[in-house]
Each structure stands twice: as structure tokens, then as C-alpha cells.
Amino acid sequence: MSKKRKSEASGDVIRIGNKTISLEGYLTKKPKKDVGPTETTTKPDQALEPSSKESKSPDSTAQEKKTTKFVPSRKPSGAAEYLSTRQALPLWSHQDEIRRRLQKHDVLVLVGETGSGKSTQVPQFLYQEKWCQRQKVKIEANGRTEETAVGGMIAITQPRRVAATTLAHRVSCEAGTPLKGDKGSKPGNAQSSYSRGLVGYSVRFDHRVPKGTKIKYLTEGMLLQELLRDPHLRQYSAVLVDEIHERSTDVDLLCGFLKQIIAGDKAGRGGIPLKVVIMSATANVESITRFFSDVTPEAMESAPTEGAENSSSVQFMQIEGRQFPVEITHTPKPVADIQDSMLKKIFKIHTEEPLQDKHGRCDILAFLTGQEEIESAQRLIEEYAATLPANVPKIKVFPLFGQMSIEAQHEAFQPIKGGFTRKVVLSTNIAETSVTVPGVRYVIDCGKSKVKQFRPKISLSSLLARPISKSSAIQRAGRAGREGPGKCHRLYTESSYLGLEEADLPEILRSDLLGAVLTMKATGIDNVLEFPLMDPLETEAVEKALLHLHFLGALGDDGTITELGRKMVMFPVTAPYARVLLAAADPKFDCLLEVIDIISCITAGEDIFLQIESEEAKEEAEVYRKELYRREGDIITYLTTMQLYFAENADRVQWCKARKINIRNMKQAVNIRKQLRALCVKQGMMEQPPPDPQPFTPISPDKATNVLKCFLKGFALKTAILAPDSSYVTSHGKHVVAIHPASVLHGQKKEAIMFLEHVYTQKSYAKKVSAIQATWIVEALGF
DNA sequence: GAGCACTGC
């Protein structure tokens, strides 16, 4: 049986098992917050009008291009042909003001509604500014004076890779130096350094930074990685944080680091300030403005009242978007059956509203909570559509959710074939931010979405449908007004709407802080709770992350990062997986190649095995899948899948299709595998691996045991023992878990299990499950 | 017997 590893907090000390960690110095002080006045030129609190020109979206001229591949013009003098389009953007007339404000001030908060052009235009307005020139400076470092260059580039961050790359392609054309060639075909290649250009981008597996790049689009995570190497961001004169309203964990961390640079003494930048432009599509930016206004006490003292003239005061501007009015209706009474109400609304629109008008198609976009609701609604709509008389337009239903294949998703974006048919897209939240469905003029909003929330107390995530925020409701409605005047039907009352939270809970307050805390520790932040964040962290969540990192060996008893922890941050995987990689390199286990295959596969996205709808398709795929499934569990099944995939020489796409394997995720896994292999070679953890394809040889039972024991080094707390009543009881916390139906071990009884994920949906589920022996848990816990 | 959405030296 496992040792008792109950954690308890007593005063400034926390104990796990036989270990004691002092919390002194990093859990005792309260985070600073809300200091001093905020000087803004306009009050940001006048919310968007509830009815018409609201909404957001990844904006600007590149908007429509984000879902389809943008093909840049090959004409070198292409800039002129874009000029009239650029001049028509609402932002164009504000360019002098934007420049003027940033000449005097370091921080600008810019609210630009959908279609204002902020993502594409702001960097182009700024890159020729005097303060944006690269400068030679003298910097004191380690007692010596060094000469370095500071500034010269503008970074502009995006939450998603597609947005960063498509925007870069678009802006490179507008700037007259188009990025050429296929993107992403050769990750990390050096072709870019031979070409010249003003615009580049950097996302994982795909970097294009031509010589002379002044404007660089990157994902938030990418800039965060650059920050770890260069804490002063010396390459950059400015950082433009786009889509901040989405409040990803990465953007919250990024803003903390940016604030430290702004508020610091700038010695690391040779005294040259870093300009920061925060761009949001929603107007409730008060807390963000306050966050950046609240600089160091010294700066506050030096400019107590006339803040508007001080470079540290935060400027605010709001730009109108290009959005058609959207008429919003609510239900008079709360609806008992959302699905029934939604179907009736769809049929009512379909029979009463035009199929087409002078602005174009009039399709319907309905927001539902998940795949199950979408598929059942699809069935019912199709049944109804079959009964429509010939003089009424037909209905074609398109589901849209993240786990669908790219091609299937793409169908929802295509104009419909056959003129007498209306498109009805049934979507999850994916259509709220990540993709744009063209042709939509009617939106139906169920008022809910599924949200993942981490409960630190029991290390359990829940994934349940919750009411959306006002901000989300406004975004959804705005989807109806992209191409012409639209209508949004909310399946809830106006008073329910008014009772909604203003904004969603930021991700950083909903998730496991393991990665965030390790990042902070790696940059030398001792007191995690003192790190500046727009929303302060929950002490309990921080404690849990610290304990977990300590358990993994990433933090020492004094709370500082260990040698092992420094190695762990270098891997682009979460801390437990990094721990597993390091264990696998240990000669005692010697299974690094196998573990890399598995981790690549798991971290490539949701499951690589697609859900299969029909019974016959399922039977067909199962014939092929049978050779992949292993009795050891999901981990060894993933390994076998990767090995057989790489042994496949003929047609890998066909190979995936036959097994209903998500090709997109598989390609991502291939990239991650390559990246992890290169990192491990670089770190001296292994020799250069043999080239692909290698013939398939099934893993030996001994090696499989070693692989599982390595995973236990990262996941010993995620184990459960079979109880006499045939339920599984977690060894840490004594909760009952059920093996998820997607696991190859579903319905089986094993002495003990290890699971990589623990999620509460219908009930408490263990996912990515492997069969282990109870004695291995003790073995893994004995350091 | 079940699957919100993203991202990374």
C-alpha cells in the first residue's frame, strides 16, 4: 500500500509525507493591488450599447482570411493596392493620435471593435517612429559595462497560431514585402534569413523572421518563452498585446512581466523604455488600465496629480468598429427545455425570414454547449427538414466543434451549394473566438457554455455547462452583424442577461497553476503571490502548485527552483511530463524514445482517436484499431500507435483514416516528437536517434513496465487501487474514480491504475489510464 | 459508455 502522503498546512510550513517545505517569504505577504489614481483620457466604463454595434472577433482586414489560407501577392510593389482598403478602416484616421500619444506615453489601452483594423494597422503606424529605432546602449552587467543594441522591433501577440501567421502574411503584403513560399513545411528552417522584409512571425514549429523585420507577430506563449531568455525584451521597442480580453493564462503572465519592465528602472534596457499597447475588443478594460497605471511607488510620487503628462500614465482610446446593427431579443420567460426552444426558434426563423437579401446570405448560427447537444439537435432538425413542403427552402445542418476533422469543420465555412437551401451551423464556443462562419445573419444563443475549472483541493478538473458572461453574450450576438444587419435570439430572459457576470473568469483563476508557478520560479520570482497580475491568484491554488512542484522535485525545501526544475522548464510540456522525460533518460529505465513518442501523442491535442458516430463506421475502424490496443492501457496503446504510424511507409493519411485517427493531431504529434528529440539530444540525454521509418517491433513487457514506472515519477499522486466493491479509490485523497469510456481499460478490473487526467463531467473520471502494480506506487514515492 | 476552446526553448 502507498505511504500516507496527506498534505497539511500549519503556519508557514507545509508537509507532504516525510517532506517539509517552508512557506516563509513567499506565502506570507499579501499581493499589492489598487494603488493610486488612474489617468485616462476617456472613461472606459461606458459599456457597449446592448443592442447594436457590439461584438468582437479577431478583427481587421485579415478577419476573413484567418480561416482560409491567405495567398500573398507576389508583386513586390503590392503595398499600393492595399492602400485604399487600409484607408477605409476606422483606425486610419486615428493614426496621428495613436502616434502622438505613444510619443509622450509608454502605455496605451486601445479598444477597437470588430473590423476596426487594429491588429493590422497599429504596428504599421508605429514602426517608423523615432522611438522605434534600434539603439546602441551601454549596460552594466556583472560589474562590467557592455555595449548592446536595444529596440528596433515591434512584437504583436496573438492567442492563436493561425491568427499570428495569417496576420503576418496580410500585413507583409500591405507593407510591400510579402512573405513568400509555403508556410510551416520545414519548421525551424533558415530560409528566412536570406530574404528581407518588414514583417515576420514566430509560432511554435514555424518561424519566419526575415532580415530587417520591424513587425513580428507571435503567439503569447512564444513571447513568454523569449522572456525567459531575455527578461528585458531588448529586441523590442514595443509590445502590442492583442485580444487581451480573451485573458489566457499566457497573456496574464505576459502582462505581469511587461508591467515589471515598465515599472522597473529600465537599467536592463540601457534606460530605453518599452512601449506597450494593450488591445481589446471589449470595452470593460478598467481593471487592465488600473493594472498598468499602478506602477512603482517612486513613479507615483514623482507625478502625483498631473499624471496625464507623465510617461507612466496609461492612455486610453476607443475606436468604432465596422459592425452592422444586431437586433437582440430575449425570451419573456425562462425556458424549461433549451433544446426544444432552440429548435422552434430555428424553424421560426427559417420559415419567416428571407433566405437572402442585398447583403448576401442569411444563415443561422446557433451556440450550444457541446458535441452531444449539437448531434442530437442535428438529428431533430434533419427530421423536421425532411417534412418541409417543396415551396419552403431546404435546411442543411453543419455541426462545428473542436474535435471534428479540419475538412469537416471547413464544410461549415463553405457557401452552400444549391440556391434554395439555408445553412444552419450548430457550434460550440469555437465560433465565438476561434473561427468565423461567413454568411451568418441570425444567431441563437443558449446562454451557456462548458467551462473547465480546476479544483486545487482535490486536483480535479470539472467540465460542466455554466451560464456565459455578458461579454460572451455580446460576442455571440455580434456574430450576426458581420456582413449585414442581423438578429440575435437569446434563449433566456433579459433579467437573466442583466444578472450575468460582466466577464468570464480568467483562465489563470480556473486552472492548475503548476506551469505558471514554475515559469515564475524560473525567472527568479521568489514570492509568487507578489508577482503582478491583473487578477490576484488564490492562495490555495498557489500552495497546491508549490506543493506539487516540490513533490516533483522542481522546487527545493526553501521554495527555490532546483537543478531538476531548471531542466524541467526547458521542455514545452507540463511539469509532470517533463519529470517523466527526465526519468526516462535515467539508465535505470532507459526508455526515452518510447516516452517521447507517448508524450508527443498525448500533448498534441485532445485524443488522437476520433469519436465515431455510426455503429458500422465504428466496427470498421475497430478492426484496424484492435492491433493498436494494448492490455497495459492507454499509454502503451499510444506508443504502439506512434510506432506503427512511423513504421507505415505507404500512405500515412490513409492509415489514419482507416483507424479514425485525428490527422491534424497526429501531424502535431510528429512535430512535437521532433522537437522533444532535438531537445533531449541537445541536453545530452540521448544519442541522435535512428532515422524514420524504423520497422515495428512490439515493446517488451519489461520495457513497458519501465515506461509505466517513469510515468509514475510524474503521476504517482494520480493512482487508484481497486477496492473490494470493484470501485477504484484514489491513493491520494481516497476518492472514487471511474475509468473513462474512451480508455482501452474501460470496464476492466486491475489491481491498481495510474491516470494522467482526472475530470469531473457526468462523474469523476480517470482518463489516459494504465494498469500498474500497487507496489510500484510505493517505489515511485520512495525518492 | 462519453468528448468547451487555446497554447509552448
Side-chain angles (χ1 to χ4, degrees), chain A residues 58 157-164 187-188 202-207 218-230 243 246-251 253-254 367-375 399-404 427-435 446 448-453 461-466 468 472 475 504 507 510-511 515-516 518-519 522 566-575 577-578 599-600 603-613 618 662 668 671-672 675-676 678-680 682-683 738-743 746-747 757 759 761-763 765 767:
Chain A
T157 67
Q158 295 293 324
R160 280 167 293 279
R161 297 160 43 118
V162 267
S202 185
V203 302
R204 191 183 190 184
F205 309 129
D206 196 3
H207 308 270
L218 13 63
T219 47
E220 293 156 354
M222 211 52 164
L223 190 60
L224 216 45
Q225 294 304 320
E226 291 190 1
L227 254 161
L228 291 183
R229 286 195 307 273
D230 176 15
E243 311 279 5
E246 291 190 22
R247 293 297 301 275
S248 67
T249 296
D250 281 352
V251 97
L253 290 177
L254 197 56
F367 285 100
L368 291 87
T369 56
Q371 183 178 348
E372 208 172 278
E373 291 81 359
I374 288 171
E375 282 169 353
L400 186 60
F401 47 87
Q403 265 297 90
M404 283 166 54
S427 175
T428 61
N429 250 355
I430 193 170
E432 198 181 301
T433 48
S434 307
V435 297
C446 75
K448 291 187 171 174
S449 70
K450 279 190 187 169
V451 181
K452 199 169 198 172
Q453 177 140 21
S461 294
S462 58
L463 182 61
L464 300 168
R466 305 289 319 271
I468 59 172
S472 230
Q475 322 260 33
D504 294 302
E507 189 191 16
R510 290 189 284 111
S511 46
L518 188 59
T519 303
R566 294 223 172 270
K567 287 183 183 158
M568 285 162 63
V569 265
M570 293 190 315
F571 292 100
V573 294
T574 56
Y577 288 124
I599 290 176
S600 309
T603 60
E606 265 309 297
D607 212 336
I608 54 159
F609 294 109
L610 289 165
Q611 310 285 339
I612 309 166
E613 317 86 62
K618 192 168 179 164
N662 189 323
Q668 173 81 349
N671 280 330
I672 297 172
Q675 186 185 30
L676 290 178
L679 265 167
C680 289
K682 201 173 141 200
Q683 293 299 313
I739 296 177
H740 193 272
S743 169
H746 176 70
E757 286 167 25
V759 182
T761 49
Q762 307 285 314
K763 52 181 170 179
Y765 279 117
K767 298 175 86 174

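The basis for the numbers below is simple: all heavy atoms, side chains too, and nothing from hydrogens, waters or symmetry mates. In the text below, chain A, chain B and the rest are named by the order of the sequence lines, each starting its count at 1.
- Not a single side chain to side chain donor-acceptor pair (under 3.5 Å) links A:Asn662 to another residue, sequence neighbours left out.
- Contact annotation for A:Leu228: base contact, defined as any heavy-atom pair under 4.0 Å involving a base atom.
- Considering only residues two or more places apart in sequence or on other chains, A:Thr603 meets the side chain to side chain donor-acceptor pair (under 3.5 Å) condition with none of them.
- Every residue was checked against the ring-ring contact (aromatic ring centres under 6.0 Å, His included) condition with A:Phe571, not counting sequence neighbours, and none meets it.
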Nucleotide by nucleotide, nucleotides 1-7 of chain B touches protein heavy atoms under 4.0 Å in the pattern (B base, S sugar-phosphate only, - none) BBBBBSS
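- Looking at residues two or more places apart in sequence or on another chain, you find a side chain to side chain donor-acceptor pair (under 3.5 Å) between A:Ser248 and A:Glu220.
- In this view, A:Tyr765 and A:His740 satisfy the ring-ring contact (aromatic ring centres under 6.0 Å, His included) rule, not counting sequence neighbours.
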